[in-house]
Amino acid sequence: DAFGLAFYHIPLYEEKDAYTLFKEGKIKGKGENREKSCVSYKRTDAFNRMKNISIKAHFFGHDHINYTDLMYQGISLTYGLKSTPEIYSDDDLLGYKEIILKDDMSWDIDTNIVTKKVEYDK
């Protein structure tokens with residue numbers, strides 16, 4: 001069956017809900033949110049609408065030192081990992097997320113942390 005992946009900048013309220021459940025040990029996940037999730041300014045029905053059209057994973061950023069992968073209501077909610085030291089970041093938390101799409105229509109998400117601060121020419 002076909003499915004979709006959604007990529008956008010500011011997480012939905014469901015990420016905040018999911019992280020609370022993750023910290024309570026009620027849902028599966030990995031990673032850490034080192035800062036408060038700055039979700040959209042109001043709760044909408046966007047999560048349920050996307051769920052109803054087979055969006056199976058949401059990828060977002062906005063919060064530079066969060067890097068969780070959470071399974072919430074059968075949907076993956078995933079913070080991207082900041083890849084540059086611009087604006088603000090933690091020196092031990094630069095890197096990238098890798099999405100591996102498989103022939104059987106499944107996928108894996110790997111967090112690749114670069115522990116050495118990257119120096120850029122200005």
Side-chain angles (χ1 to χ4, degrees):
D1 290 348
F3 65 89
L5 307 176
F7 298 83
Y8 48 94
H9 187 73
I10 298 175
L12 300 174
Y13 263 86
E14 284 75 8
E15 191 287 327
K16 196 176 209 176
D17 299 339
Y19 191 67
T20 298
L21 294 172
F22 172 62
K23 294 302 284 181
E24 294 171 352
K26 295 179 179 175
I27 65 169
K28 294 184 183 214
K30 58 186 176 182
E32 174 186 17
N33 286 359
R34 294 185 180 179
E35 67 180 305
K36 178 181 150 194
S37 299
C38 292
V39 296
S40 55
Y41 74 98
K42 76 179 198 179
R43 189 180 291 268
T44 69
D45 64 348
F47 179 82
N48 285 328
R49 285 177 178 258
M50 286 191 263
K51 186 175 174 182
N52 289 338
I53 60 167
S54 299
I55 300 297
K56 298 295 183 187
H58 297 243
F59 299 89
F60 38 81
H62 191 62
D63 303 312
H64 297 192
I65 53 177
N66 293 347
Y67 64 103
T68 48
D69 302 313
L70 308 174
M71 187 55 69
Y72 180 72
Q73 298 182 13
I75 308 295
S76 179
L77 301 177
T78 299
Y79 265 108
L81 186 59
K82 187 153 174 46
S83 57
T84 72
E86 301 303 316
I87 304 176
Y88 74 93
S89 61
D90 284 353
D91 287 349
D92 68 332
L93 195 59
L94 296 175
Y96 59 95
K97 293 280 182 153
E98 183 176 16
I99 305 163
I100 301 118
L101 301 173
K102 300 178 181 180
D103 290 337
D104 66 358
M105 299 291 286
S106 66
W107 72 91
D108 285 327
I109 302 166
D110 286 334
T111 300
N112 298 286
I113 297 175
V114 177
T115 55
K116 183 177 111 180
K117 186 172 181 176
V118 179
E119 295 295 330
Y120 292 92
D121 292 332
K122 298 268 181 190

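When reading the values below, keep in mind they use all heavy atoms of this one structure, side chains included, and skip hydrogens, waters and symmetry mates. Here, residue 1 is the first one in the sequence, and each next residue gets the next number.
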For this session: Can you establish whether the number of heavy atoms outside Asp104 located under 6.0 Å from its atom CG is more than 12?
Result: yes
Exercise. Which class fits the ring pair Tyr8 and Phe60: parallel under 30°, tilted 30 to 60°, perpendicular over 60°?
Worked result: tilted
Problem set entry | Side chain proximity check, Phe47 to Ile75, heavy atoms < 4.5 angstrom | yes
For this session: Could you grab the distance from atom OH of Tyr72 to atom NZ of Lys26, nearest 0.5 Å is fine?
Result: 12.0 Å
Seminar exercise, completed: CD1 (Ile55) and OG (Ser76) are apart, to the nearest 0.5 Å, by 12.5 Å
For this session: Give every residue pair that meets the salt bridge (Lys or Arg N to Asp or Glu O under 4.0 Å) criterion with at least one member in residues 44-57, sequence neighbours excluded.
Result: Asp45-Arg49
Exercise. At their closest point, which heavy atom of Phe22 faces which heavy atom of Gly31, and how far apart are they?
Worked result: CE2-O, 3.8 Å
Problem set entry | CD-CG distance between Gln73 and Asn48, expressed to the nearest 0.5 angstrom | 6.5 Å
Problem set entry | Non-neighbouring partners of Arg43 that pass salt bridge (Lys or Arg N to Asp or Glu O under 4.0 Å), sequence neighbours left out | Asp17
Problem set entry | Any donor-acceptor pair under 3.5 Å from Glu98 side chain to Asp110 backbone | no
For this session: Taking all non-hydrogen atoms of both residues into account, name the closest pair between Asp63 and Cys38 and its distance.
Result: OD2-N, 3.0 Å
Problem set entry | Common cluster, Leu77/Met50, ILVMFWY with side-chain heavy-atom separation under 4.5 Å | yes
For this session: For Asp69, check salt bridge (Lys or Arg N to Asp or Glu O under 4.0 Å) against everything at least two apart and list the hits.
Result: Lys97
Exercise. Is there a donor-acceptor pair under 3.5 Å between the side chain of Asn112 and the backbone N or O of Gly95?
Worked result: no
Exercise. In this structure, which one of His9, Glu15, Glu14 forms a side-chain contact (heavy atoms from CB on, under 4.5 Å) with Pro11?
Worked result: Glu15
Problem set entry | Any Ile27 side-chain heavy atom under 4.5 Å of Met71 side chain | no
For this session: Taking the side chain as every heavy atom from C-beta outward, state whether Leu5 and Leu101 have any pair of such atoms under 4.5 Å apart.
Result: yes
For this session: Report whether Leu81 and Ile65 are members of the same hydrophobic cluster (ILVMFWY, side-chain heavy atoms less than 4.5 Å apart, transitive linking).
Result: yes
Exercise. Side chain to side chain contact (heavy atoms under 4.5 Å, CB included) with Thr44: which residues, sequence neighbours excluded?
Worked result: Lys42, Ala46
Problem set entry | Where Ser40 and Ile10 come nearest, the two heavy atoms and their spacing | N-CG2, 3.6 Å
For this session: Under the salt bridge (Lys or Arg N to Asp or Glu O under 4.0 Å) rule, collect the residues that match up with Asp108, sequence neighbours excluded.
Result: Lys102
Exercise. Is Leu70 reachable from Tyr67 through a run of hydrophobic residues whose side-chain heavy atoms are each under 4.5 Å from the next?
Worked result: no
Exercise. Quick one: does Lys36's side chain get under 4.5 Å of Lys16's, heavy atoms only?
Worked result: yes
Exercise. Are Phe59 and Ile99 close enough that some pair of their side-chain heavy atoms sits under 4.5 Å apart?
Worked result: yes
Exercise. Met105 and Phe3: which non-hydrogen atoms are nearest, and at how many Å?
Worked result: O-CE2, 3.1 Å
For this session: Sequence neighbours left out, what passes ring pair (Phe, Tyr, Trp, His ring centres under 6.0 Å) with Tyr13? Give chain and number order.
Result: none
Exercise. Do other residues, nucleotides or ligands put more than 12 heavy atoms under 6.0 Å from Lys30 NZ?
Worked result: yes
